[in-house]
Amino acid sequence: MDTITLPVLISAVGNFGFPVILSLYLLIRFEKKIGDLTSAIQNLHEATNKIET
């Protein structure tokens, strides 16, 4: 993700409001982590299936 400059951030907060900007920031920031967790859960499921058979 590119670095956001302070004037752009201030303008966005003024136009859209703090809750919207905070929600978008968190969604973008945690998107990769959620994908990694999904992959880890799938790998765990596959590993437990191999142990059971």
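Reckoned from all heavy atoms, side chains included, excluding hydrogens, waters and symmetry mates.
Taking hydrophobic clusters as Ile, Leu, Val, Met, Phe, Trp and Tyr residues chained together by side-chain heavy-atom distances below 4.5 Å, Ile21 does not share a cluster with Ile10.
Panel note: side chain Ser23, backbone Pro19; a donor-acceptor pair is recorded below 3.5 Å.
The side chain to side chain contact (heavy atoms under 4.5 Å, CB included) test with Phe30 singles out one residue from Leu27, Ile28, Leu26, and that residue is Leu26.
When the side chain to side chain donor-acceptor pair (under 3.5 Å) test is applied to Lys32, the partners found at least two apart in sequence or on another chain are Asp36.
Put simply, CG on Leu44 and CG on Asn49 are 9.5 Å apart, with the number rounded to the nearest 0.5 Å. Atom CG of Asn43 and atom OG1 of Thr38 lie 11.0 Å apart (nearest 0.5 Å).
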